[in-house]
Chemist: 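I'd like to ask some things about the structure below.
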Amino acid sequence: MTRNLSDLLKKVSLDLTPYENLYRYFHAHPELSRQEKSTSEKLAAHLTELKAYELHPHIGGYGLAGVYQNGEGKTVLLRADMDALPVKELTGLPYASSTTMRDAEGNEKPVMHACGHDMHITCLLAAAEMLVKMRDVWSGTLIVLFQPDEERGGGAQAMVDDGLYDKIPVPDYVLGQHVMRMRAGTVGSRPGAIMAAADSMKITVFGRGGHGSQPHQTVDPVLLAAHIVVRLQSIVSREINPSDLAVLTVGSLQAGQTENIIADRAEIGVDFRSVRLEIRDQIITAIKRIVEAECTASGSPKPPVFTPTRRFPPTLNDKNAASQIATTFASHFEDFDDDVPRTNVSEDFSILATCRGIPSCFWLLGGIDPERWDKAHAESRTEEIPGNHSALFAPVIQPTMRAGVDALCLAALTFLGHRG
């Protein structure tokens with residue numbers, strides 16, 4: 001039956017023009033993590049119009065789930081994330097965001113869908129309608145889940161903690177996708193690890209402030225922090241086995257307010273990625289060892305403070321589920337890679353599955369204009385194309401959306417019961 005899923009899908013007529021307009025709306029009206037009120041309400045209004053889904057709003061914040069029970073069979077959950085980033089958009093698109101919002105600290109920030117979540121939710125809405133149109137060929141229960149707060153790594157866990165699976169059926173499979181810097185129309189997946197785990201922390205180190213003209217009377221936290229930043233770069237290059245995935249980035253360094261004053265503290269923002277738990281523990285141990293040693297060497301008056309800020313689990317595809325989806329995708333997409341390279345980008349998607357031991361599968365969706373991609377590829381310059389989290393990230397609407405909608409539908413149909 002799997003080979004026929006592509007033919008079944010091609011028989012369904014769904015005009016994506018309204019969804020293209022909806023995508024432009026979502027892109028122009030992004031909302032920061034944990035503030036996705038209008039987005040969630042618009043999603044709920046659209047699902048209500050389909051007259052098929054039982055809605056469950058306000059799960060773990062502005063999380064939304066729609067449940068469509070269509071007879072006996074497996075239960076499949078399709079997930080999309082909805083939050084945006086504090087980034088000022090520079091794409092120049094006619095539907096570019098000019099939105100600003102106050103962040104959790106009360107600071108006014110520009111907001112942009114710089115990670116493709118607007119494409120994720122639009123594709124899932126269209127897939128929700130497609131699968132209603134196809135209800136005569138499948139049986140089972142379909143769940144469409146729109147998750148808040150992915151960017152800060154808290155949304156999936158918040159939904160689970162808020163009783164997600166007390167409110168909706170426990171799925172047999174949890175499935176999802178992410179638009180990436182790949183040629184639009186392409187789809188890629190792999191069994192096992194497809195996305196790395198990610199941790200972030202703030203490290204506060206302490207000095208003794210004073211006048212810039214009298215450094216000998218101070219302990220300079222800027223110099224201390226500078227030594228730490230340089231030494232941290234040696235963790236991956238000199239302590240981690242090259243065969244293991246590991247990345248460490250110092251993303252922020254803040255100290256002082258003016259040129260002639262030596263501050264009394266500095267704050268370092270660190271992000272690190274890994275796949276294996278042992279490597280994660282090794283990186284954390286090394287970070288603490290280096291920071292504490294540098295503080296001692298500088299005569300810091302107080303011990304450093306380590307404050308974890310985010311944690312994403314690795315995204316591990318169930319081998320059996322990934323194999324079945326790969327068979328389905330290969331019969332439909334001209335450009336499907338069943339061994340796509342693992343990415344260091346991270347997701348909290350898998351929490352929706354691991355919390356109950358549910359098989360899950362996640363795949364990557366290309367979003368870069370094919371002509372632009374082919375030209376850059378021919379010149380070995382694809383890395384120069386703006387990717388996720390860039391102020392210039394601009395997925396082309398088509399064929400990205402068509403591929404995303406088809407992928408969600410085909411993946412769900414792979415596990416739902418078949419009629420006729």
Side-chain angles (χ1 to χ4, degrees), residues 16-43 62 80-126 146-153 155 177-184 198 200 249 251-252 269 271 310 343 345-347 364-373 375-376 381-401 403-404:
L16 289 182
T17 302
Y19 287 99
E20 293 174 3
N21 293 332
L22 195 58
Y23 168 79
R24 294 184 184 96
Y25 173 86
F26 285 132
H27 188 88
H29 298 85
E31 293 179 297
L32 290 175
S33 304
R34 304 175 190 173
Q35 300 184 53
E36 311 93 337
K37 181 177 184 292
S38 294
T39 303
S40 184
E41 289 174 350
K42 195 166 187 67
L43 293 167
Y62 292 111
D81 40 6
M82 67 173 91
D83 54 331
L85 286 159
V87 173
K88 182 176 176 59
E89 182 161 359
L90 301 176
T91 62
L93 291 168
Y95 50 90
S97 168
S98 58
T99 298
T100 62
M101 298 183 77
R102 293 195 179 277
D103 64 13
E105 287 74 40
N107 302 311
E108 192 78 12
K109 294 289 182 67
V111 188
M112 175 191 175
H113 268 300
C115 200
H117 296 187
D118 45 352
M119 183 62 72
H120 299 170
I121 57 179
T122 308
C123 287
L124 185 50
L125 281 180
F146 299 88
Q147 181 202 307
D149 193 22
E150 184 277 333
E151 295 294 356
R152 300 302 303 169
Q177 64 185 5
H178 204 298
V179 65
M180 300 290 285
R181 183 174 57 188
M182 296 162 36
R183 191 180 193 272
S200 299
T249 299
S252 66
D271 177 90
R310 295 192 303 172
T343 175
V345 172
S346 300
E347 263 276 357
L364 309 181
L365 178 70
I368 304 304
D369 178 75
E371 184 177 339
R372 183 181 188 185
W373 179 269
K375 184 176 186 297
R381 294 189 299 103
T382 55
E383 290 188 357
E384 296 179 12
I385 298 174
N388 305 71
H389 288 216
S390 165
L392 297 170
F393 185 56
V396 62
I397 296 178
Q398 295 295 3
T400 307
M401 184 179 296

Chemist: Tell me whether the count of non-hydrogen atoms from other residues, nucleotides or ligands lying under 6.0 Å of CZ in Arg181 goes above 12.
Modeler: yes
Chemist: Which heavy atom in Asp118 sits nearest to a heavy atom in Thr122, and how many Å separate them?
Modeler: O-OG1, 2.7 Å
Chemist: How long is the gap from NZ on Lys109 to CZ on Arg102, to the nearest 0.5 Å?
Modeler: 11.5 Å
Chemist: With side chains defined as the heavy atoms from C-beta onward, is the minimum distance between Phe146 and His120 less than 4.5 Å?
Modeler: no
Chemist: Which heavy atom of Pro30 sits nearest to which heavy atom of Val111, and what is that distance?
Modeler: CG-O, 3.4 Å
Chemist: Do the non-hydrogen side-chain atoms of Cys123 and Gln177 ever get within less than 4.5 Å of each other?
Modeler: yes
Chemist: Any side-chain heavy atom of Thr400 sitting closer than 4.5 Å to one from Tyr23?
Modeler: no
Chemist: Assess, by modelled atom type and distance only, whether the side chains of Thr100 and Glu108 contain a donor and an acceptor separated by less than 3.5 Å.
Modeler: yes
Chemist: Given side chains that start at C-beta, do those of Tyr95 and Ile397 come closer than 4.5 Å, heavy atoms only?
Modeler: yes
Chemist: Taking the side chain as C-beta and beyond, is there a heavy-atom pair between Tyr25 and Lys42 under 4.5 Å?
Modeler: yes
Chemist: Using the side-chain hydrogen bond (donor to acceptor under 3.5 Å, both in side chains) rule, collect all pairs that involve residues 385-395, keeping only residues at least two apart or in two chains.
Modeler: Glu151-His389
Chemist: Does some side-chain heavy atom of Asp149 sit less than 4.5 Å from a side-chain heavy atom of Glu36?
Modeler: yes
Chemist: Drop me the distance from Glu347's CD to His178's NE2, to the nearest 0.5 angstrom.
Modeler: 5.0 Å
Chemist: CG/Leu93 to CG/Leu392 distance, rounded to the nearest 0.5 angstrom?
Modeler: 10.0 Å
Chemist: Looking at Arg372 and Pro386, what are the two nearest heavy atoms and their distance?
Modeler: NH2-CD, 3.3 Å
Chemist: Measure the acute angle between the ring planes of His113 and His27, then classify it against the limits of 30° and 60° as parallel, tilted or perpendicular.
Modeler: tilted
Chemist: Working to the nearest 0.5 angstrom, can you tell me the gap between Phe26 CZ and Asn21 CG?
Modeler: 12.0 Å
Chemist: Hey, what do you get for OG (Ser346) to CD (Glu150), rounding to the nearest 0.5 Å?
Modeler: 9.0 Å
Chemist: Grab the two heavy atoms, one from Thr99 and one from Ala28, that are nearest each other, plus how far apart they are.
Modeler: OG1-O, 3.4 Å
Chemist: Could you check whether any side-chain N or O of His117 sits under 3.5 Å from a backbone N or O of Asp83, counting only pairs where one atom can act as donor and the other as acceptor?
Modeler: yes
Chemist: Closest heavy-atom contact between Met112 and Ala391?
Modeler: CE-O, 3.5 Å
Chemist: Can you list the steps and then say if Lys375 with Glu371 is a salt bridge (Lys or Arg N to Asp or Glu O under 4.0 Å)?
Modeler: CA-CA 6 Å; Lys375 184 176 186 297; Glu371 184 177 339; over 6 Å; no
Chemist: Do Met119 and Met401 touch side chain to side chain, with heavy atoms closer than 4.5 Å?
Modeler: yes
Chemist: Roughly how far, to the nearest 0.5 Å, is the CE atom of Met180 from the CD1 atom of Ile368?
Modeler: 10.0 Å
Chemist: Are Tyr62 and Thr39 packed together at the side-chain level, in the sense that at least one heavy-atom pair is separated by less than 4.5 angstrom?
Modeler: no
Chemist: Kindly give the heavy-atom pair with the smallest separation between Gly367 and Val179, and that separation in Å.
Modeler: CA-CG2, 3.8 Å
